[in-house]
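Here's the structure we're looking at; comments come further down.
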Amino acid sequence: MSWLTGIMLVVAAGAGVLVVLSRDPKRQLFALFANGLVLSLLFFVLQAPDVALSEIVVGAVVVPLLFLVALAAIAVAKVRE
Amino acid sequence: MTDPASLLPLAVLLPLGAAAALLMLSHWLPPRSADLAATIVSLLLALFCGWLAWRGLNQPLIHWFAGWTPASAGRPDVRLGISFVADAPSAAVSALYALLFAASFVFSWGYFDKVHAHFQVLMLLFLAAMIGFCMTRDLFNLFVWFELMSIAAFALTAYPLRESSLEGALNFIVTNTIASFSMLMGIGILYARTGTLDFALMAQALAGHGGALAAGGFCLLAFALLTKAAIVPFHFWLSDAHAVAPSPVSVIFSGAMVSAGCFGLFKIVIGIFPLDRAVIAFVHDGLPWFGIVTAILGGLTAWAQRHLKRLLAFSTIAHLGIVLVGVATLTPEGEAGMLLYIGGHGLIKGALFMIAGILLARFNSCDEIALYGRGRALWPAGLAMGVGALLLANAPVGLLYRAGDVIDNALGWRAESIAAVLSSALTGGALLRAAARIFLGCSGAPGPERSAPTEREREKSDRPLWLMLLPCCLLLVLALLPANLLEPFLRRAARNLLTASNMHPAVMNGAPPDALTPSAFLTPGLAVALALLSILRLRPVGRFARFAARLETLPFRVLHILHSGLVTDYVMWMALGLSAIAMVFYLR
Amino acid sequence: MSVLPWCVAAWLFAVGIYGVVTSRHYVHLVGCLSVCQSATYVLLLAVGFHWNAGPPIFYDHPPGTPAVDPVVQALVLTDIVIGATVTALLLAIVVQVQKLSGSVDPQRLRPLRPNA
Amino acid sequence: MRARWRAAGLAVSTVALLPAAWSVIVAMPSFGEHVSPYGAAVNAVVPAARHVSNMVAAVNFDLRGLDTLGEESMLLCAVTGTVVLLRGARGEETSGSAIRLPGRAIAQRSDATILICRFAATLLFFFGVYVALHGLVTPGGGFQGGVVIASALLLLYLGEGYAHWRSIVRGRVLSVLEGAGALLFVLVGLIPLAFGKAAFQNILPLGTFRDLYAGGTMVVVNAAVACAVAGGFTLILLEFMEETRAPETETEPGEGG
């Protein structure tokens, strides 16, 4: 069981790097979604179901959605420039 | 029922309830009712907190939320609930903040009429967060109030929706959010080390040698609180945020929020690390140098500004350096001086920001050079600004002068007193110069302030002048009160607090003499001299004069480049500051 | 293995700060801030974890069974809310900045100065 | 300052931080062996004291209720700030009805999409209510349930189209929901004071262990948080959606200016 925790921790570190290195905001959306998912699985492995559910709902659904709508609003503002 | 400890949560629940009610009823409220409700709530809180300070002087009032008293945990080393403790210093500072909020609500009467009470909702949440921040004795609860204070400040900074206020708000948010994340990391480390979140239990667990975890936790907490207290090198966000926020909000930023950072650091050092030798050694020997550098850098940059609100922001940074020195003295009279300094400086800076707001409302600009000579009609505001500038320049009357004197006496470092004199003289001189230019129309070629950043901005102008001047003059009158009303109370309060955290403070050496020694006129004299120098400055004509002028503006140009306005620079400077603190700890 | 979570937390914090300092688009910068915040989640939950201990929910197993620390999980729940609110506020401001100043590059936006 | 100098400064600070950070990392308790007395005490005392099986919800809503009140106030703050920032710039009057951006083609939704979205949105809505209701017994709670309800309301947009969605989901109702949730939470703190007890004291009957409505005032706080979070997040998403349809005419920038 301890190797699974170790793997999830390393994957979480990698997901963080992925979010930072994807410089284009549109591609970063998918990295953010993946990061939220990986963090949720890590919390599940760390015996924190409440936090895992909250992270999936916020980190993997609402926050990337906010990013998507913000990018759309920025695109609309740029088009009207 | 009238036992004050049981009414303690009202200090936080009242503004939160008022904010929620205002938001819910915002669509059906008559226009001015939100202003009225907010003013009444903040005045009520000022009286309530003053009463708490009076009752909590000898025996601090403790309130355990949800009834989880220490006995309910069944184990001596665990506190299940969160506690508010109203000791005299915390309640007195909360009363000051509530008073500043009341003055700001009166000043902003009718300032935001088209919006549905959103300004009052944000300000009431801000007030609740600051009072909770001062009262709580639980580390994570302190973080929650710190974060609520920040989020309310972010929204209020971006409120005018102008381009510069949005960019200033972005710089503000990114820097303070990174600070709050590092605070949470510090809390995680301290929770791992002590197994609890309550101040008293943590102090017991960290008594003697706290080890690397206590030092690491303190570094991260200090990083966050020094960022909120705008101490060099974490101060860059403050000038951008203050210069662009609406003036009633800037009154609270400079008067209350920034000093809350220093006060929070004081409460953490006294509450959690009183017996940790490494941390106390760092605070007593290391922090004064941060304060001294901040005082000098803030004073110099304030001297080279033309935008009045930016000038006041840098003067706040300078005076917060002196407050930090007061925190670092760790003696009862040093801390009493610090509390007095927070009070005096908060009142004066609030009044000065209101004058900047009046100028903005009347002339759509608060740029010293653009408003040259146009303020003659507003002579009462000019008079108030002159009085405020002299008080900032440590004129020998009122709270600020006494506080500066007590801190000098408590620390006794030669470098500190030089920094205090220099920063007060520079900030007072800059304000006197600005007042002379705007209200008296004195000429004089602009020196280093010519290249300072500035902006034409517009604030709602149909508010009556007397309504704006009334709170400003009230604050100045309070700042002019003779200090011997407050000082014995604060001195006893600080002594009780220090003995309560068994810091066994050094024996109370005598209070500095109250006589008007000639040196008392050194700083205001220097300030007036600096102001006169810049007013009588002639345009450099000769070759040598031009060379001297260029030489003079060189250091200020470096300062302008340093304060670049780029958030990426600011974050890098913060990282360097954090590593400086960590190195000092690691090498000790 | 016993220091891995602390290293991962420090790593995520450092990577987040690196992302913020070198970002060229504010939406990307907000994403890096959320990475910085995930460092606090990992640190807090790892402090409360214990080997072969179940989740602190005593519905399917009786209250006596060994369980991990619920206090830390409550702290992380509050922290996730803070992350969501700060992200929402930041993105709202970034959208407005795009409208008013036409650019969202953190290395060119300077308040109170003409954009270089 | 050029990017090169910034990268150099960051590298210097990282190198300077490494020794101190490593000494802290080594001093941290080894992963998984550390039992904190606070957590152990909660696991031991709270099931008997409050007849509740979800310890995290008990810590959130009862032991450390003040933190959750601070958290709700933060959400209230962010929602008010976002509404002011986004709606303020567009001008107050246009937020009532849905604005149409001329020139943007209205995607014709196929009947299959409308049917599936209506079915999925209601299912998701009731799943959110389920998660919120079972907060004190199984993993979940007011906050997670509220966010699921907010995403269910947004899913309606996919099926119904923007104009119809705005007629269903009203901004004014959401802000009342948000304010009511926060006010209810503050009242839960104030009412025990009137009885002379501590703030947030659990004065309602606690019910039987593992029962859905056990935990006295925790059920009320759970409902308050669910309302506030559902109203808050939906309002934020609604304001952002409105932003993607900004009208052609340039409105006067905000009333604060």
Side-chain angles (χ1 to χ4, degrees), chain A residues 1-3 5-29 31-32 35-36 38-40 42-55 57-59 62-64 66-78 80-81, chain C residues 1 4-5 7-9 11-13 15-16 18-20 22-28 30-32 34-36 38-39 41-42 44-46 48-57 67-68 70 72-74 76-77 79-81 83-84 87-88 90-92 94-96 98-100 102 104:
Chain A
M1 186 51 180
S2 72
W3 52 269
T5 320
I7 287 178
M8 286 315 298
L9 280 166
V10 172
V11 169
V17 170
L18 187 68
V19 168
V20 167
L21 289 189
S22 48
R23 297 284 175 188
D24 170 24
K26 290 181 184 57
R27 273 213 317 279
Q28 196 189 23
L29 271 180
L32 273 171
N35 188 26
V38 162
L39 278 179
S40 179
L42 171 66
F43 296 159
F44 189 74
V45 162
L46 287 176
Q47 305 291 355
D50 273 75
V51 186
L53 179 60
S54 168
E55 176 63 21
V57 164
V58 170
V62 169
V63 163
L66 274 177
F67 274 76
L68 190 68
V69 178
L71 284 174
I74 287 174
V76 163
K78 219 172 260 182
R80 279 191 24 257
E81 214 65 326
Chain C
M1 180 55 193
L4 183 60
C7 299
V8 167
W11 167 260
L12 282 173
F13 199 81
V15 164
Y18 169 76
V20 165
T22 56
S23 167
R24 300 291 303 190
H25 191 292
Y26 247 108
V27 174
H28 170 264
V30 175
C32 297
S34 71
V35 167
C36 222
S38 60
Y41 303 155
V42 169
L44 279 170
L45 282 177
F49 179 72
H50 195 268
W51 292 115
N52 44 52
I57 315 283
V68 291
V72 171
Q73 295 181 12
V76 175
L77 264 176
D79 197 21
I80 290 177
V81 171
T87 307
L90 260 173
L91 289 176
V94 168
V95 166
Q96 290 299 337
Q98 166 67 40
K99 267 196 205 170
L100 290 181
V104 276

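Naming: A, B, ... by sequence-line order, numbering from 1 per chain.
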To the nearest 0.5 Å, how far apart are OG in A:Ser40 and OH in C:Tyr41?
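Nearest 0.5 Å value for the OG-OH distance: 12.0 Å.
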
Which distance, rounded to the nearest 0.5 Å, do you find between the CG of C:Leu4 and the CE of A:Met8?
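Answer rounded to 0.5 Å: 12.0 Å.
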
Side chain / backbone / both / neither for [X] at chain C, heavy atoms under 4.5 Å:
X: A:Leu71; result: side chain
X: A:Leu42; result: side chain
X: A:Val51; result: both
X: A:Ile74; result: both
X: A:Val58; result: side chain
X: A:Leu46; result: both

Side chain to side chain contact (heavy atoms under 4.5 Å, CB included) for A:Phe67 and C:Thr87? Distances and angles first, verdict last.
CA-CA 9 Å; A:Phe67 274 76; C:Thr87 307; 3.6 Å; yes

Heavy atoms only: give me the nearest [X]-[Y] pair and the separation to one decimal.
X: A:Val20; Y: C:Cys32; value: CG2-SG, 4.0 Å
X: A:Gly16; Y: C:Val15; value: O-CG1, 4.2 Å
X: C:Gly31; Y: A:Val19; value: O-CG1, 3.9 Å
X: A:Leu39; Y: C:Ser38; value: CD1-CB, 3.5 Å

For side chain to side chain donor-acceptor pair (under 3.5 Å), just list the numbers for C:Thr22 and A:Arg23, CA-CA rounded to whole Å, side-chain angles, deciding distance to a tenth of an Å, and then say yes or no.
CA-CA 10 Å; C:Thr22 56; A:Arg23 297 284 175 188; 3.1 Å; yes

Determine whether A:Asp50 and C:Ile57 satisfy the following criterion, side chain to side chain contact (heavy atoms under 4.5 Å, CB included), listing intermediate values before the conclusion.
CA-CA 9 Å; A:Asp50 273 75; C:Ile57 315 283; 3.5 Å; yes

Is it the backbone or the side chain of [X] that comes under 4.5 Å from a heavy atom of chain A, or both, or neither?
X: C:Ala92; value: neither
X: C:His25; value: side chain
X: C:Val30; value: both
X: C:Ser34; value: side chain

Check the surroundings of atom CZ in C:Phe49: do more than 12 heavy atoms from other residues, nucleotides or ligands lie under 6.0 Å from it?
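More than 12 heavy atoms, drawn from other residues, nucleotides or ligands, come within 6.0 Å of this atom.
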
Most contacts with chain A, counted as non-hydrogen pairs under 4.5 angstrom, among C:Val72, C:Val94, C:Leu45, C:Val20:
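Of the candidates given, the most pairs with chain A belong to C:Leu45.
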
Looking at chain A, which one of C:Ile80, C:Val8, C:Val68 has the largest number of heavy-atom pairs inside 4.5 Å, strictly under?
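Most heavy-atom pairs within the cutoff with chain A belong to C:Ile80.
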
Backbone N or O of A:Gln47 within a donor-acceptor pair of the C:Gln73 side chain at under 3.5 Å?
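Looks like yes, one N/O pair under 3.5 Å.
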
Counterpart residues, ring pair (Phe, Tyr, Trp, His ring centres under 6.0 Å), relative to A:Phe44 (two or more places apart):
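Listed in chain order: nothing, the list is empty.
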
